[in-house]
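Structure, as structure tokens:
Sequence lines set the chain letters: A, B, ... in the order given, protein chains first and strands last, and positions in each chain run from 1.
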Number of protein chains: 2
Amino acid sequence: MSAFLLVDDDRTFARVLARSLARRGLEVRVAHDVEGGLAQADAHMAGAVIDLQLGNDSGLALVPQLRALSAAMRILMLTGYASIDTAVQAIKLGADNYLTKPATADAIVAALGCRATNAWAPVRAAPLPLGRVQSEHIRRVLADHGGSISGAARALKMHRRTLQRKLARFS
Amino acid sequence: MSAFLLVDDDRTFARVLARSLARRGLEVRVAHDVEGGLAQADAHMAGAVIDLQLGNDSGLALVPQLRALSAAMRILMLTGYASIDTAVQAIKLGADNYLTKPATADAIVAALGCRATNAWAPVRAAPLPLGRVQSEHIRRVLADHGGSISGAARALKMHRRTLQRKLARFS
DNA sequence: GGAAGGGCGCGGCATATTGCCGCATGCGAC
DNA sequence: GTCGCATGCGGCAATATGCCGCGCCCTTCC
């Protein structure tokens, strides 16, 4: 099978995932930022797995550039804290699919495979437990507020103390 | 301005929204199901606002058909309970944007206007309060389980009693 | 027809969580 | 130096959750 591109600033995650994908017969090239991803990208690559958050940069910037490089390349966006807005943006920019972390190598391979044009099958078959949805939303809002506890609590319409306790529980 | 299509099985919502859009100079044609939407659709229409849930049918079915009718038509999906999976599906099927209810006429007009090819601006600027995210997720999971309280509770990893109480609180 | 299994609504109780208050500290702006 | 805001945290009252158990209903199977 031809080469795949993996771009993720989490070096440990990238190394482990690359090894898992290699075990599945994939030839994986790893980069840790947008520039590195572009340097490694090749028009003959079958697919790319891009982390949405690359340090201070957005993996979204890579999508139209990879799409310009190869119309056939399958592009999968990966994110720790999923949101509809970024999912919509990613697909509009040319990504084929969108998956949330933690994602197993099998899930990634499956998501890369389904460049469906009429697929109604959901990206994720099982709905998330409520606790998980809560924690992911909280993390995203906190990130959107630059780590501000007070700001995130206001946006979430919850008490600051409660947010602190929930964050302590997540850790 | 040319005609717009509005497809929503909620007749009250459709009537009120159509009136608001008409006040903004839009010529709105209203339908309440997939068949009605197709019957009303016109290749010269500038845009369409489609509810994701049309009774027992999915508004998603309309997207590729409207896209086949007109490549230039702006298609906006509207849903009461947003999910990333359906957002990704909608965009992949050809929708231009994806908005959650309740949506004002202004938000709809704005969402229809931004057929951006490089837009990073989020569809919704303000994050949802946690309570709202909870209730929306619960409703979606319940819908996915065909209204089964026991099934949804298991999927959400919460007690059946708790789910009953929360649902009672939403009503 | 009866048994079995599962779904469902609900009251009640123990436990957990939340909202709020208040205290102390730190930081940036003026 | 003062002010305003952010932050961490303990403690308390109020609220929510998990669980149990009861009773009823529906479907399937024998």
Separation of atom [atom1] in [X] from atom [atom2] in [N], rounded to whole Å:
X      : N      : atom1 : atom2 : answer
A/I149 : C/dG26 : CD1   : P     : 18 Å
A/I138 : C/dT18 : CD1   : C1'   : 12 Å
A/L142 : D/dA6  : CG    : P     : 14 Å

Please report the closest heavy-atom contact between [X] and [Y], naming both atoms and the distance.
X     : Y     : value
A/A87 : A/Y98 : CA-CE1, 3.4 Å
B/G36 : B/A31 : C-CB, 3.4 Å
B/D8  : B/H32 : O-ND1, 2.9 Å

Task: Backbone of B/A18 reached by a side-chain donor or acceptor of B/R23 within 3.5 Å - done: no

Open item on the list: Is A/S148 close enough to D/dA6 that one of its side-chain N or O atoms is under 4.0 Å from OP1 or OP2 there?
Closed with: no

For residues 146-159 of chain B, which side-chain donor-acceptor pairs fall under 3.5 Å, sequence neighbours excluded?
unit_1: B/S148; atom_1: OG; unit_2: B/G151; atom_2: N; d: 3.0
unit_1: B/H159; atom_1: ND1; unit_2: B/R161; atom_2: N; d: 3.1

Open item on the list: Do A/V109 and A/V16 land in one hydrophobic cluster if side-chain heavy atoms of ILVMFWY residues count as linked below 4.5 Å?
Closed with: no

- [ ] Can you check each nucleotide of nucleotides 9-22 of chain D against protein heavy atoms at under 4.0 Å and return B for base, S for sugar-phosphate only, - for none, in 5' to 3' order?
- [x] BBBB---SBBB-B-

